[in-house]
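All residue numbers in this chain count up from 1 along the given sequence.
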Amino acid sequence: MICLGLILDGEGKKMSKSRGNVVEPWDVLNVYGADMFRWYMYTAGPPGEPRRFSVDLVGQAYRAFWLTLWNTYRFFVEYANLDGFDPSAVDLPVERRSPLDRWVLAELQALVRDVTEAFEGYDATNATRPIERFVIDRLSNWYVRLSRPRFWKSEDDEDKAAAHLTLYECLVTVGKLLAPTMPFFAEELYRNLVGSVDGSAESVHLSTWPEVDEALLDEDLIGEMGLVMRLVGLGRAARNSADIKMRQPLAEAAFSLPASERAVVEKYADLIAAELNVKEVVVLDQAEEVIRYTLNPLPDLLGPRFKGDFPALRKLLVEDESGGYARTLLGGEPIEVTFKGEAVALTPEEVEVRSSPVEGYAAAQDAAYLAAVKIALSDELIAEGLAREFIRRVQTLRKEADFNIDDRIVTAYAASERLAKAVEQFAGLIKGETLSDVLVASDDQKGERSESYEFDGETLRLAISRE
């Protein structure tokens, strides 16, 4: 038998009728449903431990997980219906699919393994939280986002079929893994995805529990993509530190990392470049090409140890410009310094490493991993950035006008001089991204939807209409 610990309110105080901080269950059920109520209790904390509970906390879990999964499912359905995709009619072995497909299927097998082991051990928290992480971080924020161009393209080739089939397999398996904890939602997913194809599939609760396919569980591929995600995260942090929007292309992203992992950057250079919106990806021989390190011995820790010799030790470390000590400390290893004729060991906890990018770069670092982006902008890069801002506004208008995802449109615009030149220069990119068969500069702004904008010192009037 599993017993819960104390249920606390949203502020962490014990619930009590006398305090008036209890929650009426129907307030949660009527807004978010029984599945979400149950899911929050499973994922909020291990059984036996106290956990906070409020309508707002359930709502946060709903928006983070349930809406993400539902939007991923809706994305699949929209494009599957548009392309007439039938999973029962596609026979496409995994080895013929892209590395991105093989990666997410490997992650899916790891998820099946972990969730199954947790359920068999009566570990409700670890049977549910990994599903959240997979759906949010792997499936939605990485696989679907990177695969969007494959769904969008007009040609029905093998790559597009592989994207459809892979996402279908992920959603069906996730639905089965959710069956014990979100029985109603899992049933809807299963019946819509499987029941619409196989009339004999009665219920997810009568289906076979997923089994791990060891042939698909590629740990090396999982590790490689995990490193790529880490480096991309650092690259985004570097861009953010310089307050540069992701829609603004940059010339270069440079990375410093352990030598054993350099080949991964080269292998996935195109993916990294697309994710960071840069023209070139570079692997550095030394991090000092883009960053300067300084050492800061911490007096609270080293002062009592070296007493009157601490200032001399501090001077020795602060004046070191080789970068070797810094790299060792950032790797989590202690350094050995020759001080007053003796070898002295200093740990990463005792010596802080400070860093600053060289002129023309912005950087972010996590231990031995460094990402730096070149922040100087050429006229060409600025123009492309403006074109991408233009695309964003057209896409927003398409959404507000409730156009279908495959509707071809006419886009009319009037723009300030610099923006108008950028639109003309990148007209092909804009037409392709917005499905604009006609892109015309016009002062006569007529269409099914129109709007005016100001951004980056530019002005724009837009009007769109269906062909």
Side-chain angles (χ1 to χ4, degrees), residues 103 137 141-142 145-146 220-298 317-337 346-378 381:
W103 164 76
D137 299 331
N141 290 346
W142 196 253
R145 190 167 51 78
L146 294 183
D220 290 338
L221 185 56
I222 290 175
E224 288 179 355
M225 196 64 75
L227 175 59
V228 171
M229 296 170 75
R230 181 177 188 176
L231 295 178
V232 167
L234 285 174
R236 289 175 180 158
R239 292 185 65 117
N240 290 339
S241 71
D243 196 25
I244 300 175
K245 292 180 289 188
M246 281 301 302
R247 280 181 294 278
Q248 174 58 63
L250 297 177
E252 177 186 291
F255 297 94
S256 175
L257 68 166
S260 60
E261 297 175 314
R262 290 167 63 98
V264 175
V265 178
E266 296 165 358
K267 180 178 179 180
Y268 294 94
D270 290 344
L271 189 157
I272 295 170
E275 276 298 278
L276 294 179
N277 195 13
V278 298
K279 301 302 180 182
E280 185 180 11
V281 171
V282 175
V283 179
L284 300 170
D285 292 326
Q286 296 289 339
E288 287 77 11
E289 295 177 46
V290 296
I291 204 163
R292 295 289 178 263
Y293 293 119
T294 56
L295 301 181
N296 178 41
L298 300 176
L317 294 174
V318 169
E319 292 180 352
D320 176 72
E321 296 182 354
S322 68
Y325 289 152
R327 288 193 296 273
T328 301
L329 291 167
L330 288 170
E333 299 295 328
I335 59 174
E336 189 173 275
V337 179
L346 303 172
T347 68
E349 292 74 28
E350 294 173 317
V351 183
E352 177 187 28
V353 179
R354 295 176 177 175
S355 61
S356 59
V358 301
E359 186 175 356
Y361 284 89
Q365 186 157 12
D366 178 15
Y369 299 88
L370 168 77
V373 292
K374 188 176 289 186
I375 59 178
L377 298 176
S378 65
L381 291 172

Could you check whether any side-chain N or O of [X] sits under 3.5 Å from a backbone N or O of [Y], counting only pairs where one atom can act as donor and the other as acceptor?
| X | Y | value |
| --- | --- | --- |
| R262 | P258 | no |
| E350 | T347 | yes |
| R230 | G226 | no |

Evaluate the side-chain contact (heavy atoms from CB on, under 4.5 Å) criterion for residues V290 and L370: first the C-alpha distance (whole Å), next the side-chain angles of each, then the deciding distance (0.1 Å), finally the verdict.
-> CA-CA 10 Å; V290 296; L370 168 77; 3.8 Å; yes
Provide the closest heavy-atom pair for [X] versus [Y] in the form atom of the first, atom of the second, distance.
| X | Y | value |
| --- | --- | --- |
| I375 | A242 | CG2-CB, 4.1 Å |
| Y369 | L227 | CE2-CD1, 3.6 Å |
| P249 | L377 | O-CD2, 3.7 Å |
| A238 | A371 | CB-O, 3.9 Å |
| V278 | V281 | CG2-CG2, 4.2 Å |
| G235 | V373 | O-CG1, 4.3 Å |

Polar side chain donor-acceptor pair, Q286 to R327, under 3.5 angstrom = yes
Could K374 and E280 be called an ion pair, given the rule that one side-chain N must be under 4.0 Å from one carboxylate O?
-> no
Pairs under 3.5 angstrom only: tabulate donor-acceptor contacts from the side chains of residues 266-273 to other protein residues two or more places apart or in another chain.
residue : atom : partner : partner atom : Å
K267    : NZ   : E224    : OE1          : 3.0
Y268    : OH   : E224    : OE1          : 2.8

Between atom [atom1] of [X] and atom [atom2] of [Y], what is the distance when rounded to the nearest 0.5 Å?
| X | Y | atom1 | atom2 | value |
| --- | --- | --- | --- | --- |
| M246 | N240 | CE | CG | 8.5 Å |
| Y325 | E333 | OH | CD | 15.5 Å |
| F255 | L276 | CZ | CG | 5.0 Å |
| R239 | Q248 | CZ | CD | 7.0 Å |
| Q365 | S256 | CD | OG | 7.0 Å |
| L381 | L250 | CG | CG | 7.0 Å |

Side chains of V353 and L295 in contact at under 4.5 Å (non-hydrogen atoms) | yes
W103 versus L146: any side-chain heavy-atom pair under 4.5 Å?
-> no
Would you check, one step at a time, whether the test side-chain contact (heavy atoms from CB on, under 4.5 Å) holds for V264 with L257?
-> CA-CA 10 Å; V264 175; L257 68 166; 5.9 Å; no
